[in-house]
Undergrad: 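Can you keep this structure in mind? I'll have questions shortly.
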Amino acid sequence: MALLGLSITLNNIANGLGSYFWGLVIDKNRERYSYFILLPIGGILISFLTLKTNFGMVGYTILGFFSALDGPLYSVLLLEQLEAEKTVLGNVRLSQLSLAGNILGSVLGAIVADFRVLLGFFIIALIINVIFVPKYKGDIREDRNEKEVAIKDLTEALLSFSIFNLSAEIFYVLYIPTLGLFKVPNYIYFLSYTGLYILSEFAYDKSIKIVKGNEIYYSFIVIILRGLTMIILGVFTFLKINVRFGIVLPFVLFGSLWPIYSTAFFSLMFKNLKKNRGTILGIFNAGASFASAGGSAITSLISEQNISQAYFMGFFGFSLAFFLWLDFLSKKAQIKT
């Protein structure tokens, strides 16, 4: 658990630093196409380095920094290439394509545990980006005055989002030792993620219609359901109630709630934000990454005999995220009135 938590922590810290860095870089200049080429090339170099050396954890950490480029980069691409009313739909479709890749990765992970597979996919990604990404110059979207105001106004939303992700990371890291506790075969780990990604594809497809006009309601519902999942699993592990393969159900349901939450949350966050979108998105991604690093670090300190403690921590985390989000929306409503 310590090594697992450390590797995920380092990756998330690097991803958080990269999220802010890349978001800032994209907002400051008009170049776009070169970054789409840099993204897979970085993956190729890091994969090759990891294959030829024994520094797998170092490579995984550096990969976290480079992979952070995709969030702000693809979001700005959608913003600049699609009409405003179609950006949410475009983001959902992009998320679905990413999930399709995750499904394939999970299946391959269960069958072939070889880093050369990762190298091969980065090469394929490079070819696809070279051919299909539009060669255009974007807009400089940095506005320092608006950025400072936006960051200040979104502080509570950022804290809520970050703590939400910290608690979620605790859940995901705990899944491996929980499978061991319930004496479930290792291949169930990859099959669980496959099922999660498939259900998430469906959830993304329906999320826009589901949350439209009810974004606030569904954002709270997801926080509540995830909190309840944490406390139920905390009770099960504390009382040593072995649910065996039944652990897959709460795992898949917990993960598949993310498309609904993210669609609702970011629809509210970026509805009227035109400038600094890359930077603001980078800050939120960085907050999520640092929070995830904190979640994995916390989990690495928990012994396998006290897994329930981490589940209860996750429950209190979701509770705090709930009240921070409530306070933010209340203040936002008062400003409008």
Side-chain angles (χ1 to χ4, degrees), residues 1-20 57 60-61 63-65 67-68 71 102 155-181 189 192-193 196-197 200 219 222-238 247 250-259 261-262 265-266 282-325:
M1 283 186 68
L3 287 174
L4 175 67
L6 178 61
S7 62
I8 295 174
T9 299
L10 292 174
N11 178 270
N12 282 325
I13 290 174
N15 191 268
L17 293 172
S19 294
Y20 180 73
M57 191 175 292
Y60 188 54
T61 301
L63 187 61
F65 181 86
S67 64
N102 290 338
T155 298
E156 285 178 303
L158 175 60
L159 286 173
S160 176
F161 183 72
S162 298
I163 295 171
F164 178 95
N165 281 276
L166 183 150
S167 302
E169 186 69 11
I170 291 175
F171 176 87
Y172 288 122
V173 176
L174 282 179
Y175 189 56
I176 295 176
T178 302
L179 290 177
L181 180 68
Y189 175 78
S192 298
Y193 269 99
L196 165 61
Y197 294 142
S200 295
S219 63
V222 172
I223 296 174
I224 292 170
L225 290 176
R226 282 196 161 189
L228 288 174
T229 302
M230 295 294 275
I231 199 167
I232 289 171
L233 289 178
V235 171
F236 279 0
T237 52
F238 179 75
I247 189 64
F251 175 81
V252 172
L253 292 177
F254 182 97
S256 61
L257 289 171
W258 169 254
Y261 174 80
S262 63
F265 184 89
F266 285 110
I283 290 173
F284 271 86
N285 286 340
S289 295
F290 286 130
S292 295
S296 56
I298 289 172
T299 310
S300 68
L301 299 175
I302 301 295
S303 70
E304 295 186 20
Q305 287 72 38
N306 296 302
I307 291 177
S308 59
Q309 294 178 3
Y311 278 118
F312 291 137
M313 288 180 188
F315 166 73
F316 287 116
F318 281 118
S319 300
L320 182 56
F322 178 96
F323 287 110
L324 284 169
W325 185 229

Undergrad: Before you tell me yes or no, could you show the steps for F164 and F322 under ring pair (Phe, Tyr, Trp, His ring centres under 6.0 Å), namely the whole-Å CA-CA distance, both residues' side-chain angles and the distance that decides it to 0.1 Å?
TA: CA-CA 8 Å; F164 178 95; F322 178 96; over 10 Å; no

Undergrad: Looking only at heavy atoms, which two atoms of G317 and I163 are closest? And how far apart?
TA: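 Nearest pair, atom of G317 first, then I163: O-CG2, 3.1 Å.
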
Undergrad: Are any of the side-chain heavy atoms of F236 and Y311 separated by less than 4.5 Å?
TA: no

Undergrad: Using 0.5 Å steps for rounding, measure from the CD1 atom of I223 to the OG atom of S319.
TA: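 If we round to the nearest 0.5 Å, I223:CD1 and S319:OG are 10.0 Å apart.
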
Undergrad: Working to the nearest 0.5 angstrom, can you tell me the gap between L174 CG and I247 CD1?
TA: 10.0 Å

Undergrad: Could you report the tightest heavy-atom contact between P250 and T229, atom names first, then the distance?
TA: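 Reported closest heavy-atom pair: CB-CG2, 4.1 Å.
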
Undergrad: Indicate, with yes or no, if the rings of F265 and W325 have centres closer together than 6.0 Å.
TA: yes

Undergrad: At their closest point, which heavy atom of A321 faces which heavy atom of S160, and how far apart are they?
TA: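 Result for this residue pair: O-OG, 2.7 Å.
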
Undergrad: So do the side chains of T178 and L233 get within less than 4.5 Å of each other, counting heavy atoms only?
TA: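 In short, these two side chains do not touch, never coming nearer than 4.5 Å.
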
Undergrad: Just how far is it from atom CG of L181 to atom CD1 of I307, taken to the nearest 0.5 Å?
TA: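 Here the interatomic distance stands at 5.0 Å.
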
Undergrad: Nearest 0.5 angstrom please: S256 OG to L196 CG, how far?
TA: 6.5 Å

Undergrad: Between Y193 and Y197 (judged by ring centroids, cut-off 6.0 Å), do the two rings come close enough to count as a pair?
TA: yes

Undergrad: Just by distance, do the side chain of R226 and the backbone of F254 share a donor-acceptor pair under 3.5 Å?
TA: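 Yes, the answer is positive, given that a donor and an acceptor are paired below the 3.5 Å cut-off.
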
Undergrad: Report yes if the distance between the aromatic ring centroids of F171 and F315 is under 6.0 Å, otherwise no.
TA: no

Undergrad: At their closest point, which heavy atom of S162 faces which heavy atom of A291, and how far apart are they?
TA: O-CB, 2.8 Å

Undergrad: Atom CG of L159 and atom CG of L324: how far apart are they, to the nearest 0.5 Å?
TA: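 Between L159 CG and L324 CG, I get 6.0 Å after rounding to 0.5 Å.
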
Undergrad: Among all residues two or more places apart in sequence or in another chain, which pass the side-chain hydrogen bond (donor to acceptor under 3.5 Å, both in side chains) test with Y175?
TA: S192

Undergrad: Could you report the tightest heavy-atom contact between S200 and P259, atom names first, then the distance?
TA: O-CG, 3.8 Å

Undergrad: I want to check something: taking the side chain as every heavy atom from C-beta on, are V235 and S308 in contact at a cut-off of under 4.5 Å?
TA: no

Undergrad: Quick check for you: to the nearest 0.5 Å, what is the distance between E156 atom CD and L158 atom CG?
TA: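 Taking CD in E156 and CG in L158, the distance rounds to 11.0 Å.
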
Undergrad: Is there a side-chain contact between F266 and F161 (heavy atoms, below 4.5 Å)?
TA: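 A side-chain contact exists here, since the closest heavy-atom pair is under 4.5 Å.
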
Undergrad: Tell me the closest heavy-atom pair linking G18 and A68, and the distance in Å.
TA: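 Heavy atoms of G18 and A68 come nearest at C-CB, 3.5 Å.
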
